[in-house]
Structure formats: structure tokens, C-alpha cells
Amino acid sequence: QIELKHGSHRIGKRTDAVMQKWRGYGLGQFIHWGLYAIPGGEWNGKQYNGAAEWIRSWNGIPKSTYDSLIYKFNPVNFNAEEWAVTAKQMGARYVTITTKHHDGFCLWPSKYTRYTIANSPWKKDIMKPLVDAYDKQGIDVILYFSVMDWNHPGWRYDIKTKEDSIAFEGFKQFTRNQLLELLTLYPTAKGLWFDGTWDKSWIKQAAFADELETEMRKFRPGLIIGSRFRADENGKRHFDSNGVLMGDYEQGWERKIPNKIEDVHGNDWDCVMTVPENQWGYNKAWKGHIKTRNELLEMTAKCVSLGGNFVLNFGPQGDGAIRKEEKQLAAQIGDWMKTNSEAIYNCEYAGLEKQDWGYFTKKTGSDKLYMIVFNVPVSGALKVKLPANTSIGKSYLLAQPAQLLNAEEISGTEYFIHLKNTAAGNPFVVVLEPTAKK
Ligand SMILES: C#C[C@@H]1N[C@@H](C)[C@@H](O)[C@H]1O
């Protein structure tokens, strides 16, 4: 056990109601929107090969030219209600929205920099209508905030000189001011999703970041902060020098999903995922492998089956409209969730041996089990292994509860659930109501 001043301040999951609600979300939406949506991954007809929201870091577009995009930001088709309704139709229970990405452009009228929406042709606050619209749909809001800020003169990748140190002190106060400003302006936001915290300059601020986290939690009791915000005094991120999770949930699952329960170390976590391979901001070229509805449903089921949430990214266009491909996916996912969300919302790791046909989830606070089936065996029989002294009371398709399925006991703890005709190509849910063995 290493003595730490700025390590994790809690061992084990939070047990308060706000975090319990977060744990049960199951499915969320990520929104990446800002100046980068205007070029949309290309400049002067040339494609940027990186992620569209990183185009400023490309030598294909002069930094000053990128920075002057603020004078072009006028999203005439922006409609907060439409975005929130799209998320509602998808079945998202929470949304994480970029208030400020790495380029430093603020979607709210921050008092601490001129590089904000207030000085764009749009002028008006973007965050307020978004927070209100999502709140109105009953979708909780998490504010994404990038500590790294390419626009601020005090930003440094590392602190090497006295000048660096003086400049970064100013940057730290600016960061604190903006965070308290966001919590003041948008009091219904449930949490902060930090990004851009991997550089040495920030990692060296263990004491400052620890103090700031404490101050924010005091300012907004119940605030949810992930493991990406701060490092301990030994530079350890996500997990401190004793291997204890920093923050309230693990934020390491960016475009990847844990494979087995041991990978999540008993912590809360969420996986944030792009539809294309690696595009968070709007990219004109809808290129490379685009994940299908079934792939995204399987990712959702896998995350919930391992005790996490799945957060799907949308990158609205520079004019404020959501691209049609993303709208279609939201509708397709929502269509499936209409029938099957009982197996996703307020569900958790079932503690059963993984089977090839798909994923188990368990309703929190109940014994009810769900089998989310993606691969029907040619035998039509789904294998289930239950704990000793447990048997299957009832089993049925969630979509047709009146139609009981035959659960054949193979051995003391193994069963075959015999399916009748099931529609190919469509994932479905079997419900198991276990009982104690007589
Ligand atoms: C790297 C990186 C960033 N982290 C993701 C959540 C996106 O914001 C991407 O730009």
C-alpha cells in the first residue's frame, strides 16, 4: 500500500442514488460538435486522414485559418429539440455533449475567453437550449470538457521552464473558472466527462486537480466525474499507484469494449464509440467501416452484460443538422429498444458463464435474467448454465411473453432453452425467471 495524498478517495462503487441511476442508463448518446464540423475532415479538397475534430493539428490547414472558423460558425439548421428527440427515439438515457473540445472553442458564452459562440455569427448560447431540450426529454446531461486547449496562450504540453510554469498557472485558473462557470450555468448537468488530460503539463498538477475535483464535488453534490480527470502524485491515471480507480467510473473504454468481467475490476465504466472507425466530429466522407445497427446493438448488449453503459457518438454537421445516416441508425436502434429495452435499462452483470449465442443481463434488484441472442445455434437450443440449486421457473421471448419456451434440464445446472421459429437477422431477448431448485 503506497501512501498517497492525491490518489483515489474511495474504494468500491458509489452507492448514492445519482450514481445508481447512472449505472442503470445502459445506452447513451455522445455529441461532438464545434468549429471542426465546418471543414468536416477536409480542406481545399484534400482529405485529412485523422479524426475530423483533430483537423487543426493537420499541416493541411494553417492554424490561424482554422481559428478564424469562429467567424463562419452560423448553424442555421441547429435545432436542440430535434437532437434531443432523436436521442429519445434511439432510447438513450443520457447524453454527453462537448462544451469545449481540444481547439478551445466554447459552445457557451464563457466570460473567460473571447473564443466562444458569443463571438460567432450565431452569438447565442448553444449549451442552454441543448441542456433544456434533453432535460425535457428526460435524458440526463453530462458535460464533456477538454482540459487541453489549443487556443489558450497558457496551454503547455509540458512544464520545462519558468515561463512555462507561469503561463500554466494562469491556464490552471482559467480551467477552474470555466468549470465552475459551466456548473453554475447548467445546474441540471449530472456530471463532467473530461478529455485532453494525457499531457505531462496536466499530469504534473496532481495536487491542483485533486483540490479542484474536491471543490467541484462540493459545489455540485452528487456530481459524476470519471477516471480521466486527474493523475495521482506519481503520474498514475485512471488507476492510482495502488491500482484503485480514480473518480466515479472508468473512462478507459474509448472505441473498445472489455472482453470479460475481470477486465472491469468491479468498477463502473462506460464505453464511448464512434459509428465510423475513428471519427467523432462530422466528417463529410462517411468512410471506412461504418458500424451497422446489429453491430451497435451487440456492443450495447455486451457493455450492459459486463456492467457498463454504451455511449454512441453523433457528429452533427456544421449547419447544425444531424446527418441522415446517424438519424437512420438512431431510429433503427430505437426500434429494437422499443421491444427489448427491459433487457438493457437498469440491468447488470448476471454472473453466468458466457455462451456463444449472445449475452446475459440481469435486472438490478431482481432475479430476472435476460438472454440477448445474436447467434442462434443450428440446434435451435440455447445453452444456459445456472448456479447450483437454481432452476428455470419460466422462460419466454420478451416480445411474446405468452409463448412459454421449453427449458430442458440437461444436468443439475445446465439447461437447453428450445427456440421455436425465430426471425433470422434480428437479435431478440429470451427472459428467464429462475427459481430455487426443489
Ligand atoms: C483522442 C481523442 C478524443 N477523445 C474522444 C472522446 C474524442 O473527443 C477524440 O477527439
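Read the numbers this way: they start at 1 and go in the same order the structure lists the ligands and their atoms.
In terms of protein heavy-atom proximity, atom 10 (O) of ligand 1 is nearest to E53 OE2, 2.7 Å. Looking at atom 5 (C) of ligand 1, its nearest protein heavy atom turns out to be E254 OE2, 3.3 Å. Of the protein's non-hydrogen atoms, the one nearest atom 7 (C) of ligand 1 is H32 NE2, 3.3 Å.
When only modelled atom types and interatomic distance are considered, T197 and R237 share a side-chain donor-acceptor pair under 3.5 Å. A donor and an acceptor atom, one from each side chain of H102 and S146, are located under 3.5 Å apart.
The 12-atom threshold is not exceeded at NZ of K128, counting heavy atoms of other residues, nucleotides or ligands nearer than 6.0 Å.
For the pair W193 and ligand 1, the shortest N or O to N or O distance does not fall below 3.5 Å. Looking at ligand 1, you won't find any N or O of W198 less than 3.5 Å from one of its N or O atoms.
Using a 4.0 angstrom heavy-atom cutoff, V272 does not count as in contact with ligand 1.
Shown in contact with D195 at under 4.0 Å from a heavy atom are these atoms of ligand 1, numbered in order with element: 3 (C), 4 (N), 5 (C), 6 (C), 7 (C), 8 (O).
Taking the six-membered ring where tryptophan is involved, the planes of Y144 and H101 are essentially parallel, since the angle between them stays under 30° and well short of 60°. Classification of the Y157-W155 ring pair by plane angle, with boundaries at 30° and 60°, yields perpendicular. Using a 30° and 60° split on the angle between ring planes, F30 and W280 fall in the perpendicular class, above 60°.
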